[in-house]
Q: 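Could you have a look at this structure, given as structure tokens, before my questions?
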Amino acid sequence: MDGSSGVSNRSNDDHIVECEDVSLRQWLDNPERLVDAFECFHVFRQIVEIVNVAHSQNIVVHNVRPSCFVMSSFNHVSFIESASCSDSGSDEETRTKLLEKVKKQLFPMKEILAMEMSWYTSPEEDLGTISTCASDVYRLGVLLFELFCPVSSREEKSRTMSSLRHRVLSPQILLNWPKEASFCLWLLHPEPSFRPSMSELLQSEFINEPRENLEDREAAIEVRDRIEEEELLLEFLLLIQQRKQEATEKLHDTVSLLSSDIDQVVKRQLNLKEKRNEISRKRIRQGVETVTTEEYEDEKSKLDDNEVSSMFLESSRLMRNFKKLESVYFATRYRQIKAASAAEKPLARYYSALSSDGRSSEKSSISNLTQPLNDAKQGAWIDPFLEGLCKYLTFSKLRVKADLKQGDLLNSSNLVCAIGFDRDGEFFATAGVNKRIKIFECESIINDGRDIHYPVVELTSRSKLSGICWNSYIKSQIASSNFDGVVQVWDVARSQLVTEMKEHEKRVWSIDISSADPTLLASGSDDGSGVSIGTIKTKANVCCVQFPSDSGRSLAFGSADHKVYYYDLRKPKLPLCTMIGHNKTVSNVRFVDSSTLVSSSTDNTLKLWDLSMSNSGVNETPLHSFMGHTNAKNFVGLSVSDGYIATGSETNEVFVYHKAFPMPVLSYMFKTIDPVSGLEVEDASQFISSVCWRGQSSTLVAANSTGNIKILEMV
């Protein structure tokens, strides 16, 4: 009799609500329950049969109460409480599972259960007599009354059941269900000997009165439910068909796009071969056959046979990231198609106007003239994508060129906050919480295998240093910012402080000297300001500032409000563009080129932004989100060189990305020397705190939170 799919709770013959298994007590106390005679009799008959099985084995059930039964699909009733002194051999494990399932539902409150126990106690049990089979019959009478006499409130229920103890039935059951009321009174007789036995009850006219075949009724309900299920299945299949058709159309468009691009690449390849042949003819002064149409078809068929170059197949890094490369390719193509479509809309409206004037032939001629231009635009994606792919595959690892070994490594305050190369890449400076700017000559560190490296110049500040920046015009000039909010300019050649600027009221996080106009210096501070000759006030802390390399009239900065701002310094009241996409503080910004910048944040991502893509001064769509490194709470540095983007990680690793793809190109793990064993070990408590490329080269300097500095090279 046990079921698991649900219970049918109906207000009339045509309405069924499926739900999970519930206790019979919950079902009876449902305030919206209406009496369905067939349904109630079906429930009562099942419980009578359960009790009869126990009595036939001389077992008193005791717990003939609604809370001890569970209702499942099609009002199937299961007994979930073991009988007192039971020896029925029922599966106790099954009962336990059913009991646990019902307990997960909103089980009746303790007060209700206590009242139920009182309602279902027979008069003789009240007097202290041992419960007998006649007591179970009395409880069946109470249950029959509850089935046919629903009440809407707990107070009314309490009054009705108290009256039942004195065999006083409510007018509701007497008027609407007289036969059932009469049968209740027989079962509720105060004298146990006057109550029917189970055999008499089963042979009674009430139980055996011809009624609608419940099995047929359930079968009809089941058929109706099956029809509804089939309709649901049909709707589901139609939805799948629709989506698959849409996917097929999209796949067809994708294959068409790929075929078109393959044609473009094959044409370019054949053109290059033709040029190579021409050059060869000039050099060796003998004829070389030019590329024919047949060769073009041969080249194309080779591609169709999946004869991919060995370099492509052998690159495990490329194949490992094949899906990401594929997504970048399609994103690049769809972005180009979308831009081309937007550019063609004005022409389309013009052509539509011409057509409405009856001059469609003119439209056709213009379309023919513009066709070659469209073909040229179609192939515009190839060079940037190919460049990015080649650069992605150019290097295979980061190799240590040199370890910078300093004499004060045992100092606990060696966190390097900033690294910077001078304009020629000859010297680099480090600065951090040790309040010192150290200048090192790069080549001497690489070439000298010394145990300890000393700086060529060391400058001392009064406060912890947060940032440094070299002047690209005056080789020996370097600027620094510190935790006290002071910006200082130093002459490295003379080891002297040139000037101090104390406009900021709080810690200065970042500074930058314009390459295009080296008389301009920008600084960003916790006081929410970002430029020294003028002030850009912001609501949140400014964590980083950067001038574009080709202009001193604009400035980008990142903020603690998770946004990147790009300003025209001639109009500092409002930003030209606000870039929204990070979820946490923006810690660094760097220009990749004049129209593209990359930002890093403590949300574990870098984001690449196209400044020309802003809509009404807001850009919410980065070109890429670079992920792979870990950065949730510390500033880990950011540097850009020739499209390569270096950043640190809180896993004590250096990561290198390329602007064309969102996954790392290379990474390198810093390891520390165990003082006991002398072996290199990983230390999860350390993190990379600063990185800096050596100009536009493949050499990179990185430092971690313990002051460990390495010169790395992509190879």
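Residue numbers run from 1 in the order of the sequence given.
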Q: State whether Lys250 and Glu246 are salt-bridged, where the test is any N-O pair (Lys NZ or Arg NE/NH1/NH2 against Asp/Glu carboxylate O) under 4.0 Å.
A: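 Result for this pair is no, no salt bridge flagged.
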Q: Between Ser625 and Lys607, do the side chains contain a donor N or O and an acceptor N or O under 3.5 Å apart?
A: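 Yes, a side-chain donor-acceptor pair sits under 3.5 Å.
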Q: For the residue pair Ile47 and Val77, establish whether any side-chain heavy-atom pair is separated by less than 4.5 Å.
A: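 Ile47 reaches Val77 side chain to side chain.
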Q: Check for a donor-acceptor pair, side chain of His562 on one end and backbone N or O of Asn583 on the other, with a separation under 3.5 Å.
A: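 Side chain of His562 to backbone of Asn583: a pair is present.
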Q: Answer whether the closest heavy-atom distance between the side chains of Phe41 and Phe206 falls below 4.5 Å.
A: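 Side chain of Phe41 against side chain of Phe206, heavy atoms only: contact under 4.5 Å found.
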Q: Just verifying a value: how many Å separate Leu623 CG and Met613 CE, rounded to the nearest 0.5 Å?
A: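 Rounded to the nearest 0.5 Å, the CG-CE separation comes out at 5.5 Å.
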Q: I'd like to check Val598 versus Asn588 (side-chain heavy atoms, cut-off strictly below 4.5 Å). Are they in contact?
A: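 They are not in side-chain contact.
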Q: Output yes when Glu146 and Arg65 qualify as a salt bridge under the 4.0 Å nitrogen-oxygen rule, no when they do not.
A: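 So Glu146 does not pair with Arg65 through a salt bridge.
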Q: Heavy-atom count around Met669 CE within 6.0 Å, excluding the residue itself: above 12?
A: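 Atom CE in Met669 is crowded, with more than 12 foreign heavy atoms closer than 6.0 Å.
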Q: Inspect the surroundings of CG in Leu237 and state if more than 12 heavy atoms from other residues, nucleotides or ligands are less than 6.0 Å away.
A: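 More than 12 heavy atoms, drawn from other residues, nucleotides or ligands, come within 6.0 Å of this atom.
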Q: Work out which heavy atom in Asn634 is nearest to a heavy atom in Asn631; give both atom names and the distance.
A: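 Closest pair (atom of Asn634, atom of Asn631, distance): O-ND2, 2.5 Å.
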Q: If you take all heavy atoms of Ser135 and Ser122, which pair is closest and at what distance?
A: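 Distance-wise, the nearest heavy atoms are OG-OG, 3.4 Å.
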Q: In terms of side-chain heavy atoms, does Gln172 have a donor or acceptor partner in Ser170 at a distance below 3.5 Å?
A: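 Result is no, nothing qualifies.
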Q: Should we say atom CD of Glu230 is surrounded by more than 12 heavy atoms from elsewhere, each under 6.0 Å from it?
A: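 Counting other residues, nucleotides and ligands, CD of Glu230 exceeds 12 neighbours.
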Q: Is there a donor-acceptor pair under 3.5 Å between the side chain of Ser163 and the backbone N or O of Arg159?
A: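 Confirmed, Ser163 side chain pairs with Arg159 backbone.
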Q: Which atom names give the shortest non-hydrogen contact between Pro662 and His624, and what distance separates them?
A: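 Shortest heavy-atom contact: CD-ND1, 4.3 Å.
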Q: What pair of heavy atoms forms the shortest contact from Leu143 to Tyr120, and how long is it?
A: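 Looking at all heavy atoms of both residues, the shortest contact is CA-OH, 3.3 Å.
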Q: Is a side-chain N or O of His189 found less than 3.5 angstrom from the main chain of Glu191, in a donor-acceptor match?
A: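 Indeed, once roles are kept as given, a pair shorter than 3.5 Å links the two residues.
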Q: Evaluate the salt bridge (charged side-chain N to carboxylate O under 4.0 Å, His left out) criterion for residues Glu620 and Lys563: first the C-alpha distance (whole Å), next the side-chain angles of each, then the deciding distance (0.1 Å), finally the verdict.
A: CA-CA 10 Å; Glu620 297 180 300; Lys563 299 174 185 177; over 6 Å; no
Q: Indicate yes or no for a side-chain donor-acceptor contact from His62 to the backbone of Ser131 under 3.5 Å, with no hydrogens or angles considered.
A: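 No; judged by distance alone, with no hydrogens or angles, the pair does not exist.
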Q: With a distance cut-off below 6.0 Å to the six-membered ring centre and an angular limit of 45° from the axis, does Arg33 pair with Trp27 as a cation-pi contact?
A: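 Yes.
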Q: Measure from the side-chain N and O atoms of Ser158 to the backbone N and O of Arg154, and report whether any donor-acceptor pair falls under 3.5 Å.
A: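 Pair absent, no side-chain N/O of Ser158 close to backbone of Arg154.
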Q: Less than 4.5 Å apart, any side-chain heavy atom of Val636 and any of Ser649?
A: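 No - every pair of side-chain heavy atoms lies 4.5 Å or more apart.
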Q: How close do Phe194 and Trp186 get, counting heavy atoms only, and between which atoms?
A: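 Taking Phe194 first and Trp186 second, the nearest heavy atoms are O-NE1, 3.4 Å.
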Q: I need the Leu257 CG to Asp253 CG distance, nearest 0.5 Å.
A: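 Here the rounded value is 8.5 Å.
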Q: Quick one: do the Asp136 and His55 side chains pair a donor with an acceptor below 3.5 Å?
A: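 Indeed, the side chains of Asp136 and His55 share at least one donor-acceptor pair under 3.5 Å.
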Q: Closer than 3.5 angstrom, by distance alone: can the side chain of Arg195 be matched with the main-chain N or O of Ala134 as a donor-acceptor pair?
A: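 Yes: the side chain of Arg195 pairs with the backbone of Ala134.
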Q: Between Ser199 and Ser197, is there a side-chain donor-acceptor contact under 3.5 Å, judged purely by atom types and distance?
A: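 Yes - a donor-acceptor pair under 3.5 Å links their side chains.
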Q: Between the side chains of Ser599 and His582, does any donor sit under 3.5 Å from an acceptor?
A: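 A donor-acceptor contact under 3.5 Å links the two side chains.
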Q: Measure the shortest side-chain to side-chain distance between Asn619 and Met579 over non-hydrogen atoms and say whether it is less than 4.5 angstrom.
A: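 They are in side-chain contact.
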Q: Please examine the side chains of Ile645 and Val656, heavy atoms only from C-beta on, and report whether any two atoms are closer than 4.5 Å.
A: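 The answer is no, as the side chains (C-beta and beyond) never meet within the 4.5 Å cut-off.
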Q: To the nearest 0.5 Å, tell me how far Thr248 OG1 sits from Gln241 CD.
A: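 CD of Gln241 is found 10.0 Å from OG1 of Thr248.
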Q: Any donor-acceptor pair under 3.5 Å linking the side-chain atoms of Arg25 with those of Ser23?
A: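 Short answer, no.
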Q: Do the side chains of Leu140 and Met198 get nearer than 4.5 Å, heavy atoms only?
A: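 The answer is yes, as the side chains (C-beta and beyond) meet within the 4.5 Å cut-off.
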Q: What's the shortest heavy-atom distance between Ser559 and Asn541, and which atoms?
A: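 Scanning both residues completely, I find the closest heavy atoms to be OG-O, 3.1 Å.
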Q: Okay, side chain of Asn704, backbone of Asn652: is any donor-acceptor separation there less than 3.5 Å?
A: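 Checked: no pair found.
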Q: Does one side chain, of Ser67 or Glu116, offer a donor that lies under 3.5 Å from an acceptor on the other?
A: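 Yes, side-chain donor-acceptor contact under 3.5 Å.
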Q: CG of Asn208 to CG of Leu201: how many Å apart, nearest 0.5 Å?
A: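 With rounding to 0.5 Å, CG (Asn208) is 9.5 Å from CG (Leu201).
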Q: Taking it one step at a time, do Phe145 and Thr160 satisfy side-chain contact (heavy atoms from CB on, under 4.5 Å)?
A: CA-CA 10 Å; Phe145 175 80; Thr160 302; 3.3 Å; yes
Q: May I ask you to decide if the ring planes of Tyr334 and Phe330 are parallel, tilted or perpendicular, using 30° and 60° as cut-offs?
A: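 Ring orientation, 0 to 90° scale: parallel.
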Q: Before you tell me yes or no, could you show the steps for Phe385 and Val328 under side-chain contact (heavy atoms from CB on, under 4.5 Å), namely the whole-Å CA-CA distance, both residues' side-chain angles and the distance that decides it to 0.1 Å?
A: CA-CA 9 Å; Phe385 187 82; Val328 171; 4.2 Å; yes
Q: Closer than 3.5 angstrom, by distance alone: can the side chain of Glu650 be matched with the main-chain N or O of Lys633 as a donor-acceptor pair?
A: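 Answer holds: yes.
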Q: Go through the steps for Met71 and His76 under the test side-chain contact (heavy atoms from CB on, under 4.5 Å), then give the verdict.
A: CA-CA 6 Å; Met71 294 273 291; His76 290 304; over 6 Å; no
Q: Show your reasoning for whether side-chain contact (heavy atoms from CB on, under 4.5 Å) applies to Leu169 and Leu185.
A: CA-CA 9 Å; Leu169 305 185; Leu185 290 173; 3.8 Å; yes
Q: Can you measure from CZ (Phe148) to CG (Asp36) and round to the nearest 0.5 angstrom?
A: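 Answer rounded to 0.5 Å: 9.0 Å.
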Q: Would the Tyr657 and His629 ring centres measure less than 6.0 Å apart?
A: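 So the answer is yes for these two rings.
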Q: Nearest 0.5 Å please: distance from the OG1 atom of Thr651 over to the CD atom of Gln686.
A: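 That separation rounds to 11.5 Å.
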Q: Between Arg139 and Glu125, does at least one N-O distance fall below 4.0 Å, as a salt bridge requires?
A: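 Here Arg139 pairs with Glu125 in a salt bridge, since their nearest N and O are under 4.0 Å apart.
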Q: Would you call Ile50 and Phe69 a side-chain contact if the rule is heavy atoms closer than 4.5 Å?
A: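 Ile50 reaches Phe69 side chain to side chain.
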Q: Looking at Ser587, is its backbone amide N or carbonyl O close enough to the side chain of Thr585 to form a donor-acceptor pair, meaning the two atoms are under 3.5 Å apart?
A: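 No; judged by distance alone, with no hydrogens or angles, the pair does not exist.
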Q: Does the pair Arg333/Asp261 count as a salt bridge with the N-to-O cut at 4.0 Å?
A: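 Salt bridge flag = yes for Asp261 with Arg333.
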Q: Is there a donor-acceptor pair under 3.5 Å between the side chain of Ser56 and the backbone N or O of Val53?
A: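 Yes, Ser56 side chain to Val53 backbone: donor-acceptor pair under 3.5 Å.
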Q: Compute whether any side-chain donor of one residue and acceptor of the other, for Ser600 and Thr647, lie under 3.5 angstrom apart.
A: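 Their side chains do not contain a donor-acceptor pair, so the 3.5 Å distance test is not met.
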